[in-house]
Amino acid sequence: MKKIPVYIISGFLGSGKTTLLTHILEYYKTKNMKPAIVLNELGKVNVEAHLFGNEHVFELLNGCICCTIQDDLRTTLTTLLDSHVKNPIDVLFIEGTGVANPLEIVEVIASPPLVHSFEIQTIISVVDASCYLEDQSIFTFKSVRDLLKNQITGATLVLLNKVDLVNEKQLQKVQMKLTKFIDPNTQVMETSYGSVDVEKLLQKRSNAIIYPHHHSACSHIHHEHTHHHVHHNGIKTLTIQNVPSISRRQLKKWLRSLPEGIVRGKGYVSLSEGQGIYPFQYSSNQVYISNLPREQTAEPCIVLIGRDVDITHIQNFYTSQFLLK
């Protein structure tokens, strides 16, 4: 049986992985090809499932592939192979959480018997040009800097996203910083809103991927396991449910007034200006609220992801801003 081509999409919180994936899926629709998607979320709720419509989606929730649910990924891929016999797919995309090391995903795919059924084409690392220097600064926790480094060094293609949010001088600084970590042969593509030449993006770049030996990988993975548990102690996810109806202005003002440690926000809200449930996204201090409500029934909720933030403080802040008014 022909191996299923696999693309791994990694990148820090809010870098634009999901937006990129939606562009890629649009491309596959024009080709009448059938993709499958594995989505990994840190929280208990996937508030971006609506973006993928009727696509063949597998959700891995409430954990990170690289730490706590590697076995779940193996099980999911095995299930996918079983269904592939009667319901074949053309390609598989795996989007890790914003704190996943892509090489941990490679380790799963490279293990028997999965290695005989899947073939990695490219490991794409999405970098947020507007936040990268700040995330790499000396004031950022070492665990975050190491994670960013691992996501880039483990990539065979780096997508420098959100270049529209930085000036030329800042962009040059980011480019110089990247060259310190990536292989000289690793291509860097610059973009805004994850909009790229998809055919070029999907070129096979697997010859730069080194599959570790089973024996030598053990100590490496053990080390990485320990490392990622450290950085997960700093990354926290907060899901707020039963969110009251609010205005667009209220939501934007509240999100932008959150502590700096909050690097990602997403969810569904009931807007006072309209009827229905509206999806929203927050990253890089930018807020996007959809103009169209969701067709499916969904409960209003807000998912916040941040590093070393006081969740109790956030909950109290939310209560004072929304519930006590």
Side-chain angles (χ1 to χ4, degrees), residues 1-11 16-41 45-61 65 69-97 100 102 105-126 155-157 159 161 189 191 193-207 209 211 266 279 290 292 294-296 298:
M1 184 174 66
K2 184 180 178 182
K3 290 185 178 183
I4 300 172
V6 180
Y7 293 87
I8 298 171
I9 301 177
S10 73
K17 299 183 297 297
T18 302
T19 301
L20 171 66
L21 184 52
T22 57
H23 287 314
I24 294 173
L25 295 179
E26 286 295 328
Y27 168 83
Y28 274 95
K29 282 184 182 178
T30 65
K31 299 292 183 180
N32 292 317
M33 298 175 72
K34 188 173 182 180
I37 305 138
V38 174
L39 295 177
N40 185 203
E41 288 280 355
V45 181
N46 181 6
V47 294
E48 294 175 326
H50 66 282
L51 297 172
F52 302 102
N54 298 319
E55 301 290 356
H56 201 32
V57 178
F58 296 85
E59 296 180 343
L60 298 178
L61 303 178
I65 286 174
I69 56 175
Q70 262 197 342
D71 287 340
D72 290 350
L73 177 59
R74 289 188 180 90
T75 301
T76 297
L77 295 178
T78 301
T79 301
L80 189 151
L81 285 176
D82 291 340
S83 65
H84 178 63
V85 177
K86 294 183 179 180
N87 191 18
I89 61 171
D90 296 304
V91 63
L92 172 64
F93 293 95
I94 302 177
E95 180 188 328
T97 70
I105 303 174
V106 172
E107 179 69 14
V108 173
I109 297 173
S111 63
L114 297 176
V115 68
H116 304 299
S117 301
F118 296 96
E119 183 176 18
I120 298 175
Q121 306 294 299
T122 296
I123 302 175
I124 304 166
S125 180
V126 185
T156 58
L157 172 68
L159 189 70
N161 195 26
M189 297 175 66
T191 184
Y193 304 102
S195 180
V196 294
D197 182 336
V198 176
E199 285 194 11
K200 189 174 181 181
L201 182 83
L202 298 178
Q203 290 175 3
K204 184 176 180 180
R205 298 175 176 86
S206 62
N207 57 344
I209 299 170
Y211 290 102
K266 48 190 174 181
S290 175
L292 298 173
R294 281 197 63 190
E295 294 180 4
Q296 306 101 304

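Sequence positions, counted from 1, serve as the residue numbers for this chain. Note that the structure is predicted; figures quoted are calculated from it, not measured.
Shown here for V115 and K3, the closest heavy-atom pair between the two residues is O-NZ, 3.2 Å. Annotation for Y193 and T19: closest pair O-CG2, 3.3 Å, computed over non-hydrogen atoms. Taking every heavy atom of both residues into account, D197 and M189 meet most closely at O-CE, 4.4 Å. Considering all non-hydrogen atoms of both residues, H23 and G194 come closest at CD2-O, 2.9 Å. Taking each heavy atom of L25 and P35 in turn, the nearest pair found is CD2-CG, 3.6 Å. The nearest pair of heavy atoms linking L80 to A36 is CD1-CB, 3.9 Å.
We find the CG-CD1 distance between L20 and I124 to be 6.0 Å, quoted to the nearest 0.5 Å. Separation of atoms CG (L92) and CD1 (I8) is listed at 9.0 Å; rounding is to 0.5 Å. Note that CG of L21 is 6.5 Å distant from CZ of F93, once rounded to the nearest 0.5 Å. Annotation: the span from L77 atom CG to H84 atom NE2 amounts to 12.5 Å, rounded to 0.5 Å. Here the OG1 atom belonging to T76 is positioned 9.5 Å from the CD1 atom belonging to I94, to the nearest 0.5 angstrom. Rounding to the nearest 0.5 Å places NZ of K31 at 12.5 Å from CG of D90.
A 4.5 Å side-chain heavy-atom check between E199 and Y27 finds at least one atom pair inside the cut-off. No side-chain heavy atom of I105 sits under 4.5 Å from any side-chain heavy atom of V6.
Of the possible polar contacts, none joining the T122 side chain to the Y7 backbone as a donor-acceptor pair under 3.5 Å is found. Listed for the K17 side chain is no donor-acceptor partner under 3.5 Å among the backbone atoms of I9.
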Can you check side-chain contact (heavy atoms from CB on, under 4.5 Å) on T18 and E95, steps first, answer last? CA-CA 8 Å; T18 302; E95 180 188 328; 2.8 Å; yes

